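Predicted model only: the values in this text are computed from it and were never measured. Below, chains carry the letters A, B, ... as their sequence lines are ordered, and counting in each starts from 1.
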Amino acid sequence: MSERRKPYPFDLLEPKWQALWEELSPFHASNPGEPGFDPARPKYYVLDMFPYPSGSGLHVGHPEGYTATDIVARYKRLRGFNVLHPMGWDAFGLPAEQYAIRTGQHPEVTTRENIARFKTQLKRIGFSYDWQREISTADPAYFRWTQWIFLQIYHSWFNPETKRAEPIATYRGDDPDSVRLAYVAEVPVNWCPELGTVLANEEVVDGKSEVGGFPVVRRPMRQWMLRITAFAERLIDELEPLDWPEGIKLLQRNWIGKSEGAEVRFPVAGVADPGSAGDPRMTGDSVPGYNITVFTTRPDTLYGATYMVLAPENPLVDRLTTAEQHPAVDAYKMQVAAKSDLERTDLAKDKSGVFTGAYAINPASGERIPIWIADYVLMGYGTGAIMGVPAHDERDFEFAQTFDLRIREVVAQVPGRVGVPPAGEGVSPSQTSRSCILPKDCFGETPNPAGETPTLPGNLGAFTGEGIAVNSPLIDGLPTAEAKRKITDWLVEKGLGRATINYKLRDWLFSRQRYWGEPFPIIWRDGKHEAVAESELPLVPPPLDDFKPTGTGEPPLARAKEWVRYSEAATRELNTMPQWAGSCWYYLRFCDPGNAGRFVGEEAERYWMNVDLYVGGTEHAVLHLLYARFWQKVLFDLGHLSTTEPFHRLVNQGMILGEDGRKMSKRWGNVIDPLDVIAEYGADAFRCYEMFMGPLEQMKPWSMTGVEGVSRFLARVWRLVMEENQAGEWVLSPTVQEVEPTRAQRKVIHATIKKVSEDIEALSFNTAIAQMMIFVNAFTSPPGSARDSRAVSGDPAGKSLRGSPEVAGESPAPARESRALPGTRSVPVASLRTLLVLLNPFAPHLTSELWETLGAKFPSAPAGITEQPWPEYREEYLVEDEVEIPLQVNGKVRDRVTVPIAATNAELEAIALANERVQEFIAGLTVRKVVVIPKKLVNVVANQ
RNA sequence: GCCGAUGUGGCGAAAUGGCAGACGCAACGGACUUAAAAUCCGUUGGGCUUAACGGCCCGUGCCGGUUCGAGUCCGGCCAUCGGCACCA
């Protein structure tokens, strides 16, 4: 770090203001009913995704979003809003626990230290958080309510009639435990041996743990689940009106994965198995228990179903398999079970499977079709069974090819419709050979109505698009959508199926085998679970010396024998909640963090919710953001909250890359430490640079010279107000005077007010800063310089002459040694004050200091810059009497002329046609048309 | 494979369908300085042309379209990044 002189004394003034903010808490927001609360003001809740306080401290990614929200928060305060802008800590988490395992240091200690470091660092950037609302998810005063919310979920069920969560008491069935929103199930889970815990689907990436990258295997275990699937439809529907990036909405929709289709029952054919011939159950064609139900999104292809496939784990498999096929089926099941998720995915390309020996009846065609098992059919989706329609499904096609199963076309492509290659294209010689492998009856008896080649589309495999039903007596000739409807109606009529919807979303695996998390407020008695009384909350984790996973899947809490024993007959639940639990509702607690009697006070919740602006990284698109919406809905349904969605407007900040354009990492040695930057350039420069880099949502590389540029800008602001005297002290510059701005200056001022206001609302901070740079350039450049006139007139070409100050009684700038340049003009105090307010959200320290300095000499304005009203611009100052417009001939600029703003179209046209340069270019041509856009341009269209 | 985002000077980037490159960085030239740093002023997309003022042509990933006019709208490609990935 260089020891060169600071361009302005940020190293003195930034700590000064930070100390003042610490002392006076000017950013504290009062709740309704509290002293200092002003009900006349509108509210604004602006929230950051709170950090996990890791050991490595803040990196430059954190402050990007935090600076954006801080600017908005400070801006909204100046605009007269009651602003809620809190910060807290997502403090439960694996790293602290793993550190504890390595060192024996209790996670609580590590976490406390990390929080302290994060807090110091955040304060060093000058964020205007209301620190009185600070919360930590690992604080018993907080997690007692996390546990309380879990109990609300536990004590409720999803009523399919009302489509709402309701207290379990309203459930009329005989087994409440089967419908609770929190339930225990023996499910195949993602078990990570290395971490000694199970993980949610969302925490597994490519068959490895998201944290640490350790292998994850499937293994059945008894786990707590939250019934998020019950809310699938609402999670999709209520997403629609939110002001979120379309991409994130789409990500959530895809994650939830809604598919509309039908369930179809296939009777198992009784005569398939010689061994069971004569078994009375196998003779009828709809014996209960011997139907296989499948889910399909394409019921219109039912006639094309030439085989069936069950998931290997499907319990029906054992009942169906013939004696002959038993050894092969069992071997295959073993083989599949041994595969990890990774392997199962990796081998996706090669289809494998085994014939069960059994047959089913295609309810439409009446044909006997073979039943197979294959691992490309998943037990967890739909019914764990499919009908194989190789002609119209890629996977089924591959499978049919591998095992030489029949392929029957039942949907004909319609020429000229979606996805149909023009004739002649997509047909290669290999098509003939492809046809050869198709069994004889592949296309049925009916000639292919599409004529020409008896195609599967091109030679690529299955045709999965929509078309016209063929070879399907009930629906022949119908387009796909209609065919779906008609066949579904027919299925319902015959009692063979029904329309239904399936979701990819699975229930949320909610328990973890960890120490450092919220214990479940649950006890076990006689093998059944019970909730503990609310009065027993918070349920604090027991003290432990050994945090290591037990390795058996039994949670570390099992080691605390005393704690585990709840009573003679009951023991405590040993699992803890996942890290997401605390972050599912922290935005609610911020509204009323000190409330000891409720998770959030009703009035506070009604006043502050929902979150007006939520800024954070995309990585939470389907995790935190889905879970939080889920909890919000449950709590809303149960009457605890006033809104059904928590986050009105969501914005994702883009990642900041290293100077080399690569992701910042120790490996590349390109990590930028915010505190190093602040030490050298100051917090204001750091903040402004992060915002000036480019659009908030975009990924962008760091640039140290870019920081320098922004730092220079702030120094120019400083020197606009201050100058250094002979003793080397900064004093108010004598050029700052109580004078009126020139007309040109006034225009820049108002253009800047307009642009900065609009840009902050739109979160376009980079262009807001650019406009303030223009402002400063206009006020620092000598009159008449190109830079001056460019800035002042808004004329990029800088050609218009502009210039002499129009200020009555402006005194010549006092001579000031070397700094006094000829033509230096005075700087109006009022203009400076406007700039300082506009810049305040971006560079709060510098502007506070300069505001104070100005106030000492020109005491007309209130003392504190944070009490200022946001300036309003006046349109009348933005318009000019004259405007320079380009004259075009056939769309090419040939000249520019300055015309009165009020010039009529006819006048403009006349001016254009009379123009010498235009004349030159239309010479010998006939003018066909003259396009006149008032105040913009004139285009003369001419040709031969 | 599917879905989404992005593609503009040497670099980060601006541009309600209306003068492409605002603002900043870097580079170069100049002023100040014994000198350097800092600061200030200026030049800076490419090519051609002019003694000079100036003028002309090309240019927003590629190909095509709509329009008086396209970075912007439409169709088709290509590349990079991100997400999902046997979900029937």
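- With B:A88, B:G24, B:C68 as the candidates, the nucleotide lying closest to the side chain of A:K929 is B:C68.
- With both ends at atom P, the span from B:U60 to B:G7 equals 14 Å, rounded to whole Å.
- Counting only heavy atoms from C-beta on, A:V941 has its side chain closest to B:C68 among B:C86, B:A14, B:C68.
- Residues A:I885 and A:V938 have side chains in contact (heavy-atom distance under 4.5 Å, counting atoms from C-beta outward).
- Here B:C84 presents its C1' atom at 14 Å from CG of A:L505, a figure rounded to the nearest Å.
- Between A:Y8 and A:F10, the angle of the ring planes goes over 60°, which puts this pair in the perpendicular group of the 30/60° scheme.
- Among the nucleotides B:A88, B:G18, B:A26, the one closest to any side-chain atom of A:V931 is B:G18.
- A distance of about 14 Å separates the C1' atoms of B:U44 and B:G24, rounded to the whole Å.
- Distance A:D759 CG to B:A13 P: 17 Å, rounded to the nearest Å.
- Between the CG atom of A:L696 and the P atom of B:A14 there is a distance of 12 Å, given to the nearest Å.
- When the side-chain nitrogen and oxygen atoms of A:R719 are compared with OP1 and OP2 of B:C40, one or more of them lie within a distance under 4.0 Å.
- For B:G9, the glycosidic angle deviates from 0 by 90° or less, giving a syn base.
- Here the two rings, on A:Y376 and A:F399, have centers that are under 6.0 Å apart.
- Whole-Å rounding puts the A:K892 NZ to B:A20 P distance at 11 Å.
- Side-chain contact annotation: A:N670 with A:R662, donor-acceptor N/O pair under 3.5 Å absent.
- For the pair A:F713 CZ and B:G24 C1', the interatomic distance rounds to 11 Å; values are reported in whole Å.
- Note on A:R894: a side-chain N or O is less than 4.0 Å away from OP1 or OP2 of B:C56.
- Of all nucleotides present, only B:G4 satisfies the Watson-Crick or G-U wobble test against B:C81, with each distance under 3.5 Å.
- Put simply, CG on A:L937 is 9 Å from P on B:G18, counting in whole angstrom units.
- A gap of 14 Å separates the P atoms of B:G18 and B:G69, to the nearest Å.
- Base pairing of B:G42: its partner is B:C28, meeting the Watson-Crick or G-U wobble criterion (both donor-acceptor distances under 3.5 Å).
- At B:G24, one or more side-chain N or O atoms of A:N777 fall inside 4.0 Å of OP1 or OP2 (strictly under the cut-off).
- Atom name P, nucleotides B:A37 and B:A15: the rounded distance is 35 Å, in whole Å.
- Contact check, A:Q698 against B:A5: no side-chain N or O comes under 4.0 Å of OP1 or OP2.
- Considering only side-chain N and O atoms, A:N766 lies nowhere under 4.0 angstrom from the phosphate OP1 or OP2 of B:G12.
- Rounded to whole Å, the separation between the P atoms of B:U8 and B:G71 comes to 15 Å.
- Base pairing of B:G64: its partner is B:C74, meeting the Watson-Crick or G-U wobble criterion (both donor-acceptor distances under 3.5 Å).
- Taking only side-chain nitrogens and oxygens, A:R716 never comes nearer than 4.0 Å to OP1 or OP2 of B:A38.
- Whole-Å rounding puts the A:M655 CE to B:U6 P distance at 16 Å.
- Checking the phosphate oxygens (OP1, OP2) of B:G12, no side-chain nitrogen or oxygen of A:K700 falls inside 4.0 Å.
- Checked against B:G18, B:A14, B:U39, the side chain of A:R712 finds its nearest nucleotide in B:U39.
- When both pairing distances are held under 3.5 Å, B:U33 makes no Watson-Crick or G-U pair with any nucleotide shown.
- When the P atom is used for both B:U80 and B:A70, the distance is 30 Å, rounded to whole Å.
- Of the nucleotides present, none pairs with B:G59 by Watson-Crick or G-U wobble criteria with both distances under 3.5 Å.
- For B:A88, the OP1/OP2 oxygens have a side-chain nitrogen or oxygen of A:S259 closer than 4.0 Å.
- When the C1' atom of B:C23 is taken as reference, atom CD1 of A:I774 falls 6 Å away, rounded to whole Å.
- Between A:W702 and A:Y689, the angle of the ring planes goes over 60°, which puts this pair in the perpendicular group of the 30/60° scheme.
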*asked:* Applying salt bridge (charged side-chain N to carboxylate O under 4.0 Å, His left out) to A:K700 and A:E64, what does each step give before you reach the verdict?
replied: CA-CA 11 Å; A:K700 44 209 177 279; A:E64 188 191 12; 2.5 Å; yes
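- Relative to the side chain of A:L250, the nucleotides B:C23, B:C3, B:A88 differ in distance, and B:C3 lies closest.
- Across all strands, A:F921 comes closer than 4.0 Å only to sugar-phosphate atoms, never to a base (heavy-atom distances).
- Side-chain atoms of A:M699 lie closest to B:C81 of the nucleotides B:C84, B:C81, B:G18.
- No donor-acceptor pair under 3.5 Å is formed between the side chain of A:R917 and the backbone N or O of A:N915.
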